[in-house]
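Quick note: numbers below take in every heavy atom, side chains included, and nothing from hydrogens, waters or symmetry partners. Fair warning: this is a prediction, and the values are worked out from it, not measured in the lab.
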Amino acid sequence: MLVKWEGIVIRSVDYGESSKVVTLYTREYGKVGVMAKGAKKPRSRLAAVSQLFTHGYYLCKRGTGTGMPELTQGDILHSFKDLRQDLMLTAYSAYMAEMLDRLTEEREPNPYLFQLLFHTLQYLDEGKDAEILCRIFESKMLVLAGIRPHVESCISCGAEGEPYTFSITQGGLLCQRCTHTDPYSFHILPATWKLLRLFLLFPLERLGEIEVKTSTRNQLRLLLHRYLDQHIDLHLKSRNFLEQMERLEFSDGFDKA
Ligand SMILES: [Zn+2]
């Protein structure tokens, strides 16, 4: 049986001499691995469509059982070439693709996630703020993983009002009276929790341009990474790469200043 999916390549690994196993995140079917026979050969008609981050229509032959579908044809909608050529963009895209891969099961449709991935890659490709896009993506992944932090009021007593601290282990804001319940809770900038609340809540496509100060960016990154490490330790290989790239970029900017 032939099926046609709209998908984005989130992983592509060599298989044997000439083939590739391509993991697609599809709009209709969720995550699915497909066999792309001969795709390693540069002149194969499957070579371009099986490249990482490519968005397109994928025509696949499915057997009757649970075996891996075979990719027979692909039509590229967006090649997102810059995401493979600019190292910084590659680092961000690879990190987000790996995170999505690790947090999803095969063949569980989630059109919302497809939209999120598509818009994120599209905005990255358009040159929008990669760091902020990555933070939004991470925030949405917390919701997906069922570990959404509580940033509406104190997680312990429900009180509203500054100043807050943030508790990684309890998973949210603590008011002044409750901050002692976690000796490791740390002061959180108002801009940080307000942005995080926005990121958790808003559809990505409705977010406009946002100006974010360096101090807020740094705290958001630290908070989200510590939060992810505490609650779902994914050990993403791509995160080391991203962190190396970020250090390079930041030290580069520092030299120029
Ligand atoms: Zn409280």
Side-chain angles (χ1 to χ4, degrees), residues 4-13 20 22-28 30-32 34 36 39 42 45-58 71 73-104 110-141 144 195 198-199 202-212 217 220-221 224 236-250 252-253:
K4 187 179 175 184
W5 291 312
E6 182 186 351
I8 294 168
V9 178
I10 58 169
R11 185 153 50 109
S12 185
V13 292
K20 280 183 172 182
V22 174
T23 306
L24 297 170
Y25 198 86
T26 70
R27 190 190 286 277
E28 302 86 354
K31 183 171 78 173
V32 60
V34 300
R45 61 197 165 80
L46 298 181
V49 291
S50 47
Q51 290 200 79
L52 204 54
F53 316 130
T54 303
H55 169 227
Y57 287 121
Y58 292 84
L71 180 63
Q73 196 190 319
D75 289 318
I76 295 179
L77 294 169
H78 297 90
S79 88
F80 292 134
K81 198 169 60 185
D82 287 353
L83 305 185
R84 291 187 299 275
Q85 289 176 349
D86 179 305
L87 264 187
M88 197 69 218
L89 291 183
T90 305
Y92 278 117
S93 313
Y95 169 68
M96 291 188 269
E98 190 185 3
M99 188 183 285
L100 180 70
D101 188 14
R102 291 283 295 280
L103 288 174
T104 49
N110 186 337
Y112 163 78
L113 266 187
F114 175 84
Q115 283 291 110
L116 174 68
L117 178 68
F118 171 68
H119 285 295
T120 303
L121 297 182
Q122 191 176 42
Y123 288 159
L124 276 176
D125 191 60
E126 288 169 5
K128 289 212 165 73
D129 194 323
E131 187 187 354
I132 292 299
L133 283 170
C134 185
R135 296 294 93 84
I136 295 172
F137 193 86
E138 287 170 334
S139 307
K140 304 290 190 198
M141 290 299 105
L144 173 71
L195 264 183
L198 184 75
F199 292 172
F202 265 77
L204 178 63
E205 54 270 37
R206 277 180 49 200
L207 277 175
E209 295 289 330
I210 25 176
E211 290 270 338
V212 185
R217 285 171 185 269
L220 262 176
R221 184 180 66 236
L224 280 165
L236 301 180
K237 274 181 278 172
S238 53
R239 184 156 125 202
N240 297 335
F241 178 50
L242 177 61
E243 282 171 355
Q244 279 170 18
M245 289 301 298
E246 282 176 334
R247 273 197 292 274
L248 271 177
E249 183 163 273
F250 294 148
D252 190 38

Results of salt bridge (charged side-chain N to carboxylate O under 4.0 Å, His left out) for R217 - residues two or more places apart only: D129, E131
Considering all heavy atoms, the nearest A91-M245 contact: CB-CG, 3.8 Å
N/O donor-acceptor pair under 3.5 Å between S12 side chain and S50 backbone: yes
pair Q122-H55: side-chain heavy atoms closer than 4.5 Å: no
CD1-NZ distance between I76 and K81, expressed to the nearest 0.5 angstrom: 10.5 Å
More than 12 heavy atoms from other groups under 6.0 Å of CZ on F241: yes
L204 vs Y123, side chain to side chain contact (heavy atoms under 4.5 Å, CB included): CA-CA, chis, key distance, verdict: CA-CA 10 Å; L204 178 63; Y123 288 159; 4.0 Å; yes
Presence of salt bridge, R239 and E243, under 4.0 angstrom: yes
Atom pair CG/CG of D125 and D86 - distance to nearest 0.5 Å: 10.0 Å
Exceeds 12 heavy-atom contacts within 6.0 angstrom, atom NZ of K128: yes
Note, D75 side chain near Y58 side chain (heavy atom, < 4.5 Å): no
4.5 Å side-chain heavy-atom contact, V22 and R11: no
Test side chain to side chain contact (heavy atoms under 4.5 Å, CB included) applied to L100 and F137, step by step: CA-CA 9 Å; L100 180 70; F137 193 86; 4.2 Å; yes
Side chain proximity check, T23 to V9, heavy atoms < 4.5 angstrom: no
Donor-acceptor under 3.5 Å (T90 side chain, L83 main chain): yes
Considering all heavy atoms, the nearest F53-L121 contact: O-CD1, 4.2 Å
Nearest-0.5 Å distance, CG of residue L71 to CD of residue Q73: 9.0 Å
Aromatic ring proximity, centroids under 6.0 angstrom, F118 and H78: yes
Side-chain donor-acceptor pair present, Y92, E246, cut-off under 3.5 Å: yes
Trace of the side chain to side chain contact (heavy atoms under 4.5 Å, CB included) decision for T54 with F80: CA-CA 6 Å; T54 303; F80 292 134; over 6 Å; no
H119 to E205 - nearest heavy-atom pair and separation: CD2-OE1, 3.8 Å
Spacing of CG belonging to L113 relative to OG1 belonging to T120, to within rounding of 0.5 Å: 10.0 Å
Criterion side chain to side chain contact (heavy atoms under 4.5 Å, CB included) on V13 and K20, from CA distance to verdict: CA-CA 5 Å; V13 292; K20 280 183 172 182; over 6 Å; no
Student check: side-chain heavy atoms of F199 and L220 closer than 4.5 Å: yes
K31 to Y25 six-membered ring, cation-pi geometry met (6.0 Å, 45°): no
Over 12 foreign heavy atoms within 6.0 Å of CD, E126: yes
OG on S93 to CD1 on I10, rounded to 0.5 Å: 12.5 Å
Salt bridge (charged side-chain N to carboxylate O under 4.0 Å, His left out) partners of E6, counting only residues at least two apart: R27
Between CD1 on residue I132 and CZ on residue R221, distance to nearest 0.5 Å: 10.5 Å
Shortest non-hydrogen contact from A130 toward L124: CB-CD2, 3.4 Å
Heavy-atom closest contact (Y95 atom, S238 atom, distance): CA-OG, 3.2 Å
Check: L236 and M99 side chains under 4.5 Å, non-hydrogen atoms: yes
Nearest non-hydrogen partners of R84 and S79, listed with the distance: NH1-O, 2.9 Å
Residues, nucleotides or ligands: over 12 heavy atoms within 6.0 Å of E209 CD: no
Side chain to side chain, L116 and M141, heavy atoms closer than 4.5 Å: yes
F114 and T26, any side-chain heavy atoms less than 4.5 Å apart: no
